[in-house]
Number of protein chains: 2
Amino acid sequence: MAQPAPKAQHEMRQRNLSRVLHTLAAGGPLSRAAVAAEIGLTRAAVSTLVDELLRGGLLVEQGPGRSGSVGRPGTQLLLTDRGPCGVGAEIGVDHLAVCVMDLRGDVRVRAVHATRNQGSDPAVVLHALGGMLHTAAERAAGLGLRPAGLTVAVPGLVARDSATVLRAPNLGWHGTDLAAALPTDLGRVTVENEANLGALAELWSAHHVPPEGGPDSFVHVSAEIGIGSALVLDGELLRGAHGFAGELGHLPVRPEGRPCSCGGRGCLETYAGEEAVLRAAGLEPGPGVRLGALTERCEAGDRDALRAVKQAGTALGIALSGAVNLLDPRQVVIGGSLARLAPWLLPPVGRELARRTAVAAGGRSTPVPVTASPLGPDGPLLGAARFAVRAALDEPAGLLRS
Amino acid sequence: MAQPAPKAQHEMRQRNLSRVLHTLAAGGPLSRAAVAAEIGLTRAAVSTLVDELLRGGLLVEQGPGRSGSVGRPGTQLLLTDRGPCGVGAEIGVDHLAVCVMDLRGDVRVRAVHATRNQGSDPAVVLHALGGMLHTAAERAAGLGLRPAGLTVAVPGLVARDSATVLRAPNLGWHGTDLAAALPTDLGRVTVENEANLGALAELWSAHHVPPEGGPDSFVHVSAEIGIGSALVLDGELLRGAHGFAGELGHLPVRPEGRPCSCGGRGCLETYAGEEAVLRAAGLEPGPGVRLGALTERCEAGDRDALRAVKQAGTALGIALSGAVNLLDPRQVVIGGSLARLAPWLLPPVGRELARRTAVAAGGRSTPVPVTASPLGPDGPLLGAARFAVRAALDEPAGLLRS
DNA sequence: GTATTTCGTCATGGCCGTTGACAAATTAGT
DNA sequence: ACTAATTTGTCAACGGCCATGACGAAATAC
């Protein structure tokens, strides 16, 4: 009674419109007939859907395209590069970043500011971010783009309402409602953990080829100051009952080992966290001394650095073998700023995984492949923007102009 | 062209029929109006759906029911206790079991045979099981029930096709196609890991109350000879990319500890597996000497037994804290034959979890609750039967008679 | 140049949920 | 006891949406 009963028919139409959009987003230019074959509707039905999307300005027609096969060539359909777009933002420990992505997935506007956000006042940071978003939106408007949604990547735990930062120790924020403090003219605001968005960027990126049978599953490891991970299982991000899933950094690696700030003992973070690794390499952690410095030393062949990374890799491998035994993912992806350490990190990780999962997981002959994400540190920002784009494609009704 | 294009309209109808059935399965007797309110359709639409299901013999009307509120009382609808039913079977290490469940979820026929299946010939065991299924189906027919599907619980890894047992070390089976070797007159045959079915039984059982906001997430621990677990995340069972998810027994607990049969070191199984615990308690593992014997000693206050269980609980707690940090479940459930050890197992498990996850998981004040499943060793069999029932309810088209 | 194949469109039809109204059955109030 | 109010289940009319089948259009194959 309260709400006017969701009309199952309209829902079906919306879903089919959305399926056309997603099919074109995934498969490049396609003809109506190809779309129909892909989503299992008839050509006639797809025609009406496409007409509606063309009139709404979400699709454009390219002239007849392919030849090489018999029959009349189809008119190629493409998502527009004008009109609605997604906006992504990233609040890092030492930078702010913003980018605007059109429906095709191309980044059209991008800006980064180096700032020091550790222990900062949320209001100040969010004001600065708001300014960046404002100028980015203006530049987008110059390209004929209008923002349809904003997604913000933060290095911390986000409540399941996707609006409030519960705990971001590296920023010093607790219980900050970002959605309320950011511009309202960019559409719905979604806040998400940066590791999660990095994993989604990996899942949705063009280089990522899903396995033959259905959606992918992988563990995506990243490291800002702590060690985080994101779990993509059957093509879906696992957020956890409270939104805390993926705390790889606190998997016990040596149960009675070093005490950890979390109150436990022997957590992965105390062996492979940034601070621990830097110390092991003989570097004094501090502002400016981050993983980048370690990477340089490794590239230079510094023995202490190499040894420290190897030890961290071993610890990471032990924790990951737990995750692999538990989740049976198709692969493990090293992303974020850790990706740059991959040349030295992957061998020990792979070694531990091979030791500890080969037979356990049912005698599979080849252990889980471990790869480094080519997106590297760009993952969270790109993932945020694409998250906004996909959210827009999910609701065509709100996008159709006129 | 090959297949006649799935008609999206029929699919909608099927889904709505199924939603009516599931609503009644979950919510006991309801009126048409109540069903309509529950699934968000109009009363008129639900009326046509219900008529179809009544004519098909899947529902029955009870006389007008509730009073106590104003207005005309609705005629109560109920799933039939005749007609289609689900069949569950369990192949254990030392028993075979079969049960028949009607659409309401009531067990109507049940049979257990003690047999020794360790290292057995699959053909012999499956022949015996086939005989039990045959007599169970006959008894079901006497009650007016006709089997609509069979689900088999096995203590081993099952391929993602849900038909083939890849590896069941306790039975000594490898690559056995069960679906092909069982009676074909019981409907579609599904094979599933017993731990997974135990977890689903827990998820679907009447005593299980889902959290206010959406579906539940939990880790369900069980132990046949090895230590297995099943992961229910957001109301869905996680099977893993190869069907091997939940191998809790091979999480590293002491990375350089005891060598494990899997080739790794310090796996949970080497500390908390049945054989390890029995030895630690001073019992010689062997046929007939199983966890039951240990339970008796604990009940009798045997110090060695109590100490062994406590140590196992500590190891289990360490492994589980890894799982909890990674997955952020709403609770941990101890099921299967382990449930009987719960009085002695839960304290050390809870202690380790409290130490190692309290702050890590974002400062939540109360650690994850750990409970014992009241279903105990019945879980897998009941889960199998209910799995078959739910599969039937998912496809009303195949159930409607005449 | 004709046959074949494929594409996109059109008119028709069927299915299905909604809308709005109505009779039936019960409770609340006088 | 009688009326008003409320809720239930049903019916007829309506509208939306996809399927069907046929058609012209545009390319290739022989």
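Throughout, a chain's letter reflects where its sequence line sits, starting with A, and its residues are numbered from 1. Because only heavy atoms are used, hydrogens play no part in the values below, and waters and symmetry mates are left out as well, while side chains stay in.
Under the ring-ring contact (aromatic ring centres under 6.0 Å, His included) criterion, F218(A) pairs with H208(A), not counting sequence neighbours. Evaluation of the salt bridge (Lys or Arg N to Asp or Glu O under 4.0 Å) rule for R188(B) yields no partner, not counting sequence neighbours. Residues forming a salt bridge (Lys or Arg N to Asp or Glu O under 4.0 Å) with R139(A) (at least two apart in sequence, or on another chain): none. For the salt bridge (Lys or Arg N to Asp or Glu O under 4.0 Å) test, no residue two or more places apart in sequence or in another chain qualifies with R19(A). With sequence neighbours excluded, the residues forming a side chain to side chain donor-acceptor pair (under 3.5 Å) with D161(A) are T164(A), listed by chain and number. A search for side-chain contact (heavy atoms from CB on, under 4.5 Å) contacts involving A45(A) returns L41(A), T42(A), not counting sequence neighbours. With sequence neighbours left out, E61(A) forms a salt bridge (Lys or Arg N to Asp or Glu O under 4.0 Å) with R32(A).
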Using the 3.5 Å cut-off, write out each protein N or O paired with an N or O of nucleotides 21-25 of chain D and the distance between them.
{"residue": "dG24(D)", "atom": "N2", "partner": "R72(A)", "partner atom": "NH1", "Å": "2.7"}
{"residue": "dA25(D)", "atom": "N3", "partner": "R72(A)", "partner atom": "NH1", "Å": "3.4"}

Protein and nucleotides 13-16 of chain D: nitrogen or oxygen contacts under 3.5 angstrom:
{"residue": "dG15(D)", "atom": "N2", "partner": "Q9(A)", "partner atom": "NE2", "Å": "3.3"}

Dot-bracket notation for DNA chain C, counting Watson-Crick and G-U pairs under 3.5 Å, with | for partners on another strand: ||||||||||||||||||||||||||||||
Residues 82-89 of chain A side chain polar contacts: donor-acceptor under 3.5 Å, at least two apart:
none

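For the contact set between residues 27-35 of chain B and DNA chain D, defined by any heavy atom under 4.0 Å, the members are S31(B), R32(B), A33(B).
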